[in-house]
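Source: prediction; values computed, not measured. Every chain is numbered from 1, with letters handed out A, B, ... down the list of sequences.
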Amino acid sequence: MRYTQELGKILNKTEIAKGTFDVTLHSPEIANIAVAGQFVNILCDGFTLRRPISLCGFDSKKGILRIVFEIRGKGTEWLSRLQVGDNMDIIGPLGHGFSLIDSSKKAVIVGGGVGTPPLLPVAQFYRENATVITGFRNASAAILQGDFEKAGAKTILCTDDGSAGIHGFTTQALEQYLNENECDIIYTCGPKVMMRSVARLAENHGITCQVSMEERMGCGVGACLCCVCPTKDGKGKHLTRVCVNGPVFSSTEVDWDA
Amino acid sequence: MRYTQELGKILNKTEIAKGTFDVTLHSPEIANIAVAGQFVNILCDGFTLRRPISLCGFDSKKGILRIVFEIRGKGTEWLSRLQVGDNMDIIGPLGHGFSLIDSSKKAVIVGGGVGTPPLLPVAQFYRENATVITGFRNASAAILQGDFEKAGAKTILCTDDGSAGIHGFTTQALEQYLNENECDIIYTCGPKVMMRSVARLAENHGITCQVSMEERMGCGVGACLCCVCPTKDGKGKHLTRVCVNGPVFSSTEVDWDA
Amino acid sequence: MPDMSVKICGISFKNPVIAASGTFGFGMEYSEFYPISRLGGISCKGTTLVERMGNPTPRIVETSCGILNSVGLQNPGVGRFLSSYLPRLKKQDIVVIANIAGNSVEDYCEMAERLKDSQVDMIELNISCPNVKQGGVNFGVLPESVAEVTAQVKKRSDKPLMVKLTPNVTSIGDIAKAAEGAGADALSLINTLTGMRIDIKSRRPVLRNNTGGLSGRAIFPVALRMVREVYKCVKIPVVGMGGISSWEDAAEMMIAGANAVQVGTANFHDPFACVKIIEGLGSYTDSLGLKSITELTGTLSEW
Amino acid sequence: MPDMSVKICGISFKNPVIAASGTFGFGMEYSEFYPISRLGGISCKGTTLVERMGNPTPRIVETSCGILNSVGLQNPGVGRFLSSYLPRLKKQDIVVIANIAGNSVEDYCEMAERLKDSQVDMIELNISCPNVKQGGVNFGVLPESVAEVTAQVKKRSDKPLMVKLTPNVTSIGDIAKAAEGAGADALSLINTLTGMRIDIKSRRPVLRNNTGGLSGRAIFPVALRMVREVYKCVKIPVVGMGGISSWEDAAEMMIAGANAVQVGTANFHDPFACVKIIEGLGSYTDSLGLKSITELTGTLSEW
Ligand SMILES: Cc1cc2nc3c(=O)[nH]c(=O)nc-3n(C[C@H](O)[C@H](O)[C@H](O)COP(=O)(O)OP(=O)(O)OC[C@H]3O[C@@H](n4cnc5c(N)ncnc54)[C@H](O)[C@@H]3O)c2cc1C
Ligand SMILES: Cc1cc2nc3c(=O)[nH]c(=O)nc-3n(C[C@H](O)[C@H](O)[C@H](O)COP(=O)(O)OP(=O)(O)OC[C@H]3O[C@@H](n4cnc5c(N)ncnc54)[C@H](O)[C@@H]3O)c2cc1C
Ligand SMILES: Cc1cc2nc3c(=O)[nH]c(=O)nc-3n(C[C@H](O)[C@H](O)[C@H](O)COP(=O)(O)O)c2cc1C
Ligand SMILES: Cc1cc2nc3c(=O)[nH]c(=O)nc-3n(C[C@H](O)[C@H](O)[C@H](O)COP(=O)(O)O)c2cc1C
Ligand code: FES
Ligand code: FES
């Protein structure tokens with residue numbers, strides 16, 4: 001029994017950017033076995049499908065989970081209306097998380113928008129050996145910079161409009177960074193176009209890269225084959241389930257051209 | 001524009017019997033024109049159809065409505081979870097209410113279960129000239145006795161199990177009452193079998209009787225023809241809309257044998 | 001503000017939102033909420049040659065995101081429709097569509113004759129009715145009977161003729177083509193999907209009629225697919241309906257190919273549904289930079 | 001506790017709740033929540049002769065009280081089904097139904113041959129598949145092609161044969177009779193209703209396949225009506241599905257005439273849906289004073 005259904009009581013809820021919420025839940029069973037890069041599938045009242053949200057944190061001792069989500073549609077809007085003390089019906093921990101190799105290696109972490117939250121546990125593993133490059137629409141949309149710094153990581157903030165940090169894309173910052181610094185492994189999560197560019201840069205520099213893919217899900221546990229993403233290996237091309245074989249894939253496994 | 005849609009803020013809510021709620025709403029537009037026997041149609045989250053609930057009270061000066069409802073299924077259960085301060089989306093005032101003739105006449109009011117609430121405004125009109133015979137499953141299901149007394153009416157309580165008042169049905173109490181007392185008009189609301197008996201007794205005694213019918217509704221405003229009840233008149237038999245031509249009918253109009 | 005008017009077989013509607021037959025009576029009821037002249041039009045309750053009592057109650061039951069109804073065409077008959085309901089409705093400055101029903105081709109034809117020279121703007125032929133001649137099978141499920149009734153009514157009528165299709169068929173495209181081929185001026189769809197609910201306490205159907213017609217949000221995806229299918233099959237205008245409850249739904253319908261939409265069950269939920277849909281469609285059309293809402297129709301680009 | 005077991009064409013199920021094809025993989029996934037041996041059975045993901053990639057994504061979109069899917073029969077092919085999935089599943093002490101699909105009668109027949117002597121308990125023939133020989137029209141919509149594929153598969157198979165009907169037809173009763181006449185041992189229904197959703201920003205269908213199959217609570221009243229219709233037309237057992245999400249729904253299905261039920265989309269909403277339905281059905285049967293749940297089937301008394 002790898003999966004649990006829990007009613008996670010909301011312990012804390014903060015709107016950390018306009019329409020983006022940072023929520024802490026009491027969910028001891030899931031917190032007990034979760035790893036970085038995994039997600040939970042959350043029931044929203046009035047909807048048939050659960051909404052997948054990555055774990056931004058988990059503490060097996062305290063039995064708590066942390067999630068950070070943005071209002072994207074009606075389901076996340078409903079979620080955002082829950083209050084401290086309310087329960088969230090969640091199943092998890094789902095999916096195949098990030099491989100954390102050796103905390104003495106130099107890791108570069110590239111996050112775009114609400115793709116950033118699942119990368120926090122990765123930064124917390126590599127600590128001062130982590131460089132976190134994140135990109136947001138503008139200064140007020142930027143999230144989790146303090147958390148990354150608290151983890152000991154170096155942060156490079158980019159915004160589309162230049163209202164904070166570097167005016168430009170994470171991929172430009174990454175390219176410059178890789179040209180000037182050592183890097184053993186790259187982790188990325190964010191818009192697909194961004195991740196594809198990150199994957200190319202990693203390949204060009206001969207660096208291992210792990211990407212966290214997103215796809216519309218049905219079951220979230222591998223049973224319905226709704227959430228597939230194009231992959232390739234020695235045997236050919238495949239459509240692989242993001243919810244169980246991912247969401248984290250090796251960047252070379254993903255068939256970016258499909 | 002006879003009908004209004006209002007978001008009525010809940011001012012007060014009391015569970016007056018197990019699963020039966022007494023709710024006061026701020027709803028000035030509807031309160032302003034409501035008459036006894038009318039109802040409102042209430043939106044319940046997650047449901048397509050509104051739920052019809054009679055007005056148990058209305059005060060045009062204070063702009064408030066009072067409703068009393070019982071949890072019967074999922075819609076009323078949802079309603080029962082609303083709290084003071086929440087809004088109820090209601091349309092009203094709907095339907096054709098009771099005719100209140102002359103408060104110096106002797107009125108007998110017969111209510112069964114949650115058919116009782118719409119009869120309170122009738123008692124408040126006839127005051128000491130009203131005799132209110134109500135029936136409930138048992139003592140703890142009995143509601144509104146204090147309100148009827150406060151209105152000045154004489155009350156006769158019946159329970160199915162004898163745990164309070166008379167052990168027996170309202171119709172038995174009514175029969176006895178009519179044999180011993182004067183009565184100019186009868187008003188009744190409750191289970192159909194009860195109302196049919198009341199109608200027969202009224203007819204036997206040659207007394208005018210007004211009945212408030214219940215039927216499953218679609219629109220609540222007369223547009224869909226879902227809520228019809230069998231009626232008859234000089235021209236023959238009809239299926240008449242409860243929501244606009246009723247819910248109050250003359251007992252002789254209703255075709256009880258259909 | 002973009003031009004919201006649409007023209008369907010020569011009839012101008014102020015906007016593309018029409019109240020659906022059977023859910024809006026003859027218009028008087030909802031005019032207690034707002035002036036119904038704000039609507040594009042109204043399709044009146046299905047009317048027959050002679051008055052009908054309809055089915056016994058219960059006639060309605062709720063389902064997940066929908067309702068089943070088995071009203072069974074209770075209506076005052078075409079005579080009283082013409083003498084008492086139509087004149088009141090016509091005072092409202094609104095396009096009036098008469099929805100007509102019958103058990104035989106003759107019924108339909110006589111109805112059409114009766115409506116000649118009346119103030120009715122358009123006829124909607126409700127062919128989801130049992131054909132007594134063909135053993136009670138609906139007119140609407142066989143291309144041949146659809147063609148037959150359409151052609152005959154067309155001959156006897158002077159009004160634009162819109163044929164309303166039932167979704168309870170294998171190929172709605174074939175039915176649509178049959179109606180078009182027989183002279184229909186427009187098509188409307190979908191009518192209700194046949195469904196049932198059972199009371200597990202009494203182990204009886206909830207509806208006294210055993211089965212009923214499913215409408216409301218639940219059926220929207222099916223309606224949308226069928227409207228698209230029909231749009232691709234025919235050249236005449238299509239009026240889309242089935243589960244529309246928001247302006248977004250109405251926009252999807254028009255993008256799929258509808259020239260106008262009808263809104264039914266949503267009125268029960270929110271009496272102002274039609275008005276809100278009109279407003280929402282207006283802003284949406286505007287936001288797309290279109291001058292006329294007609295530019296929306298059929299702009300779907302399929303994968 | 002009443003006897004919850006049911007027998008369908010000779011196969012004994014512990015209880016009448018079967019996981020529906022395509023929503024439960026090959027059983028391994030949900031066994032991470034509970035031992036799937038608690039279920040009556042599992043209908044495996046639709047399997048074809050050779051591996052299939054299925055359709056491009058997005059393959060799923062939510063609708064009011066339902067979902068549309070366009071997975072397109074992605075599956076590992078019958079070979080890997082037999083060698084790698086079936087043995088693992090069979091360890092779970094559960095009735096295994098193979099759901100088979102094909103583009104031609106030959107495909108279906110070869111599939112049936114391959115399943116001979118396997119540990120599969122029953123075959124479910126998914127006939128909502130395009131018949132390449134007949135210009136892509138589904139096998140499932142014409143009585144003749146249903147009869148043809150049923151009869152041929154029956155000849156080549158040694159397993160009980162359950163034919164799964166599509167609801168996208170004018171008369172499900174005629175299709176059911178065709179399958180029964182051709183030798184089907186049982187029928188299951190309904191498969192999904194074809195539907196569509198449009199993204200009004202991009203004005204493209206949300207699903208990459210343009211259309212998809214509607215499932216979930218929205219379709220329950222239609223499924224119930226069709227199960228009832230089929231139950232009245234045939235003598236072979238009927239397995240009901242379509243939108244069942246609670247034990248009350250399952251009870252309605254059985255009262256309407258189903259010998260067992262399948263539960264699909266509800267698993268996505270609540271991974272314990274099947275277990276809760278089994279428990280609820282048990283208490284309900286008990287509360288009615290029935291000794292066996294089989295006594296529930298078909299006990300509806302129509303008005
Ligand atoms: C593995 C995974 C992890 C995720 N982690 C996070 C996170 O940590 N924080 C966060 O803010 N968001 C995250 N998302 C995206 C989040 O799931 C969607 O924003 C959310 O499902 C949108 O639901 P909605 O009802 O608000 O939007 P709607 O658009 O109304 O949703 C309609 C349907 O589309 C699906 N859907 C819509 N957008 C997406 C999407 N981008 N990805 C998958 N399904 C989608 C919904 O689940 C739903 O079925 C993650 C997605 C995946 C697949
Ligand atoms: C004119 C009128 C006035 C009413 N006044 C009151 C009142 O003052 N207090 C009170 O407690 N109840 C009253 N009722 C009954 C009340 O409307 C129902 O109990 C309620 O609709 C049940 O909804 P539900 O979702 O809880 O039950 P469900 O059984 O889940 O409802 C399913 C559907 O059936 C309809 N329905 C179920 N029972 C009834 C019923 N008895 N009458 C009409 N529709 C029904 C519901 O509206 C809904 O559409 C009144 C009914 C009518 C017609
Ligand atoms: C209570 C009710 C009565 C209806 N009566 C008719 C009718 O008389 N004639 C007709 O063509 N359609 C009738 N319909 C079907 C609607 O016009 C419409 O086709 C269907 O309800 C789907 O649209 P909706 O989901 O917006 O309601 C009726 C629908 C309902 C709910
Ligand atoms: C994602 C998904 C995949 C499906 N795949 C299959 C399939 O491979 N074969 C099949 O016969 N039915 C398939 N179905 C249909 C279901 O088995 C079932 O008939 C339908 O979903 C209705 O039941 P439900 O509402 O309980 O889901 C699939 C349904 C879904 C939602
Ligand atoms: S969401 Fe069902 S397989 Fe991934
Ligand atoms: S509820 Fe629609 S006419 Fe009465």
Side-chain angles (χ1 to χ4, degrees), chain B residues 1-7 29-30 33 40-52 73-76 78 89-95 192 213-232 235-246 255 258, chain C residues 19-36 42 44-46 51-76 206-208 212 214-218 243 245 264-273 275:
Chain B
M1 313 280 140
R2 263 190 305 157
Y3 304 142
T4 308
Q5 178 177 31
E6 269 183 315
L7 283 181
E29 304 264 345
I30 294 173
I33 53 171
V40 291
N41 221 353
I42 311 181
L43 199 72
C44 303
D45 220 35
F47 296 88
T48 301
L49 297 178
R50 291 169 177 263
R51 296 323 193 234
K74 287 185 186 162
T76 44
W78 181 87
D89 178 335
I90 58 179
I91 58 177
L94 304 177
K192 196 168 176 178
M213 305 300 288
E214 213 180 284
E215 196 43 75
R216 284 178 182 247
M217 293 186 173
C219 65
V221 299
C224 73
L225 299 173
C226 287
C227 66
V228 296
C229 113
T231 59
K232 52 184 173 21
K235 288 186 236 152
K237 302 201 169 199
H238 311 280
L239 288 171
T240 306
R241 296 166 300 176
V242 168
C243 66
V244 279
N245 303 105
D255 184 0
Chain C
S21 177
T23 67
F24 219 75
F26 297 98
M28 288 307 124
E29 291 79 13
Y30 283 94
S31 65
E32 298 290 350
F33 285 107
Y34 58 85
I36 56 169
I42 170 178
C44 297
K45 173 63 193 170
E51 179 176 2
R52 275 177 60 107
M53 295 275 272
N55 292 320
T57 60
R59 289 179 172 184
I60 187 166
V61 58
E62 186 152 352
T63 71
S64 295
C65 292
I67 60 172
L68 290 172
N69 90 80
S70 57
V71 171
L73 284 176
Q74 176 169 356
N75 79 88
V206 177
L207 296 178
R208 191 64 169 66
L214 182 65
S215 63
R217 293 192 297 138
S245 76
T265 305
N267 294 303
F268 302 168
H269 184 81
D270 177 1
F272 292 91
V275 175

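Contact of Asn55(C) with chain B is made through the backbone alone, with heavy-atom distances under 4.5 Å. The contact between Phe24(C) and chain B is made entirely by backbone atoms, counting heavy-atom distances below 4.5 Å. Only the side chain of Ile67(C) comes within contact range of chain B, with at least one heavy atom under 4.5 Å from a heavy atom of that chain. Contacts between Pro56(C) and chain B at a heavy-atom distance below 4.5 Å are absent for every atom of the residue. With a threshold of 4.5 angstrom between heavy atoms, Leu43(B) approaches chain C through side-chain atoms but not through N, CA, C or O. Neither the backbone nor the side chain of Phe26(C) comes within contact range of chain B; no heavy atoms are under 4.5 Å apart. Only the backbone of Ser31(C) comes within contact range of chain B, with heavy atoms under 4.5 Å apart.
In this structure, Asp270(C) and Gln5(B) have side chains that are in contact, with non-hydrogen atoms separated by less than 4.5 Å. Side chains of Arg50(B) and Pro271(C) form a contact here, defined as non-hydrogen atoms less than 4.5 Å apart.
Rounding to the nearest 0.5 angstrom, the gap separating the SG atom in Cys219(B) from the CG atom in Asn267(C) is 9.5 Å. A distance of 9.5 Å separates NE2 of His269(C) from SG of Cys44(B), quoted to the nearest 0.5 Å. In this structure, CG in Leu225(B) is found 12.5 Å from OG1 in Thr57(C), a value given to the nearest 0.5 Å. Here the CD1 atom belonging to Ile60(C) is positioned 10.5 Å from the CD atom belonging to Glu215(B), to the nearest 0.5 angstrom.
Put simply, the side chain of Gln74(C) gets close to the backbone of Leu239(B): a donor and an acceptor are under 3.5 Å apart. Between the side chain of Glu29(C) and the backbone N or O of Val221(B), no donor-acceptor pair lies under 3.5 Å.
Put simply, of Arg59(C), Glu32(C), Met28(C), Glu51(C), the one with the most heavy-atom pairs under 4.5 Å next to chain B is Glu32(C). Among Asp89(B), Ile91(B), Asn41(B), Thr4(B), the residue making the largest number of heavy-atom pairs under 4.5 Å with chain C is Ile91(B).
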